[in-house]
Amino acid sequence: MTSAAKRMITLTRAACLLLLVVGCSPNHSAPVELTGRTMGTTYSVKLIASGADFSTASLQKQVDERLVEINQQMSTYIPDSELSRFNQSPAGNWFPVSQALADVVARAKEISEQSDGAFDVTVGPLVNLWSFGPDNRPEKVPSDEAIAAALANVGDAKLEVRLDPPALKKSRDALYVDLSAIAKGYGVDQIAQLVADSGAQSYMVEIGGEVRAVGRKSDGSLWRIAIEKPTPGARAIQEIVELSNQSLATSGDYRQHFVEDGQIYSHTIDPQTGRPLPHPPASVSVLHADCAAADAFATTLMVLGPERGYNWAEQNKLAVLFLIRGADGPVVRRTSLWPQRGE
């Protein structure tokens, strides 16, 4: 995972974790809790144990082993991961990968096609060029020539995936795939399945701020997650969401930008122009049945922006909360499927 991805994880985690502690009732027995580190961040699993034969230690071991496996498949931070080895491989040949990696890339390509290229897992060279990547480049506006050179190595069409047998192929040697905008969500889905297989019917799984919750807590209430108010340098709750067999992912840029000559340059890069979006939302939160999709759609909508993104979300029947920068604080805009509330 790139350092840019890890910085993004810190942001999205802050956007969701404010209420995970508040959401636990002090008047009822606490759920079983598993915690650890993965993907450059932390994870948390809370569940209501079911059955006398339930073993916390056994489930913790399964969770940790599965997360190590996912990292070894999809991390760009691990030099010998499947994805890192693919990124280092020459163009033109099918590169065998695990079924899991092929499935995630296939899902990413579906969302890229659905969004006309707004979601693009090959955008890494541009993110790095604009000072938001792992190479610690100076924060400055790159030249038109440098942007054009990076764009030549970016584009979903330059990446192919085959599911049987699973393999990836690229058309340019310098193509670089980074799954940080979907892998955390995929990890949440995988761990949620492990927890369900353990017999638990009520649980919450969170990785770096991406969350899936099923059932109800021991006091009968729903799992409650807070979305952070997008205020740089401050921590406050914007809105509380109750999850019922749903996933929630949040993406934002209010902590990741630089300023040159009075102009703010966001880390949200449009993969088609090679430049930061001029007026991106401060943050976007998405509710969806699976967390991988919520994760990817949140990034997609950041790139599409507050107007195109809102219309696209409505057309695709997505439950989305947009927090848009305003002179007096964030302007809230919800799609018709987002849980409505009085202001």
Side-chain angles (χ1 to χ4, degrees), residues 8-9 11-19 107-108 110-120 180-182 184-186 188-189 206 208-213 222-231 237-256 266-271 277-326 329-343:
M8 187 61 196
I9 283 170
L11 167 62
T12 56
R13 181 168 184 266
C16 288
L17 281 186
L18 291 177
L19 210 69
R107 186 73 176 101
E110 288 174 4
I111 296 173
S112 178
E113 182 177 357
Q114 185 179 354
S115 64
D116 293 326
F119 185 75
D120 192 334
S180 60
I182 192 172
K184 294 196 307 301
Y186 173 80
V188 168
D189 291 331
E206 174 269 328
E210 319 300 26
V211 184
R212 176 161 177 74
L222 294 171
W223 300 95
R224 305 177 75 219
I225 310 297
I227 296 171
E228 186 180 23
K229 186 186 293 281
T231 305
I237 294 172
Q238 175 70 42
E239 187 163 320
I240 297 169
V241 180
E242 292 185 327
L243 295 187
S244 176
N245 301 332
Q246 290 175 300
S247 298
L248 171 68
T250 296
S251 183
D253 74 348
Y254 53 98
R255 299 193 197 282
Q256 290 297 313
S266 161
H267 87 290
T268 304
I269 308 295
D270 186 333
L277 201 68
H279 304 289
S283 74
V284 176
S285 298
V286 178
L287 288 168
H288 200 273
D290 67 270
C291 201
D295 195 1
F297 284 139
T299 297
T300 302
L301 292 166
M302 284 292 298
V303 173
L304 287 173
E307 293 301 325
R308 283 196 304 155
Y310 181 88
N311 293 334
W312 187 84
E314 287 283 24
Q315 291 166 7
N316 287 275
K317 297 180 171 56
L318 297 176
V320 182
L321 172 72
F322 290 85
L323 299 180
I324 303 163
R325 291 177 179 85
V331 177
V332 178
R333 194 176 189 191
R334 304 176 180 90
T335 62
S336 56
L337 290 180
W338 184 269
Q340 301 300 308
R341 52 178 289 173
E343 297 295 343

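What you see below is based on every heavy atom in this structure, not just the backbone, and it leaves out hydrogens, waters and symmetry mates. Sequence positions, counted from 1, serve as the residue numbers for this chain. If you're wondering where the values come from, they're calculated on a predicted model, not measured in any experiment.
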Test side chain to side chain donor-acceptor pair (under 3.5 Å) applied to Glu210 and Ser247, step by step:
CA-CA 8 Å; Glu210 319 300 26; Ser247 298; over 6 Å; no
Evaluation steps, side chain to side chain donor-acceptor pair (under 3.5 Å), between Glu239 and Trp338
CA-CA 12 Å; Glu239 187 163 320; Trp338 184 269; 3.0 Å; yes
Between Asp116 and Trp312, is the side-chain contact (heavy atoms from CB on, under 4.5 Å) condition met? List the steps.
CA-CA 11 Å; Asp116 293 326; Trp312 187 84; 5.9 Å; no
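In this structure a side-chain-to-backbone donor-acceptor pair under 3.5 Å is present from Asp189 to Ala292. For the pair Glu314 (side chain) and Ser336 (backbone), a donor-acceptor distance under 3.5 Å is present. Of the possible polar contacts, one joining the Arg212 side chain to the Ala289 backbone as a donor-acceptor pair under 3.5 Å is found.
Residue-environment remark: CD (Glu113) stays at or below the threshold of 12 foreign heavy atoms within 6.0 Å.
Here OG1 of Thr250 is found 10.0 Å from CG of Asp295. Values are rounded to the nearest 0.5 Å. Here the CZ-OH distance, from Arg334 to Tyr310, works out to 10.5 Å after rounding to the nearest 0.5 Å. Interatomic distance, CZ of Phe119 versus CD1 of Ile182, reported as 5.0 Å (0.5 Å rounding). Separating the CG atom in Leu304 from the OG1 atom in Thr299 is a distance of 11.0 Å, to the nearest 0.5 Å. In this structure, OG in Ser283 is found 6.5 Å from CG in Leu321, a value given to the nearest 0.5 Å. In this structure, the separation between CG on Leu248 and CG on Leu243 is 5.5 Å, given to the nearest 0.5 Å.
In this structure, Arg333 and Pro306 have side chains that are not in contact, with every pair of non-hydrogen atoms separated by 4.5 Å or more.
Of all non-hydrogen atoms in His288 and Ala294, the two that sit nearest each other are CB-CB, 3.9 Å. Here the closest heavy-atom approach between residue Lys317 and residue Leu337 is recorded as O-CD1, 3.3 Å. The two residues Val320 and Phe322 make their nearest non-hydrogen contact at CG1-CE1, 3.4 Å. Across all non-hydrogen atoms, the minimal contact from Ser285 to Ile227 is OG-CD1, 3.5 Å. Closest of all the heavy-atom pairs between Val303 and Pro271 is CG1-CD, 3.8 Å. The nearest pair of heavy atoms linking Met302 to Leu277 is O-CD2, 3.2 Å.
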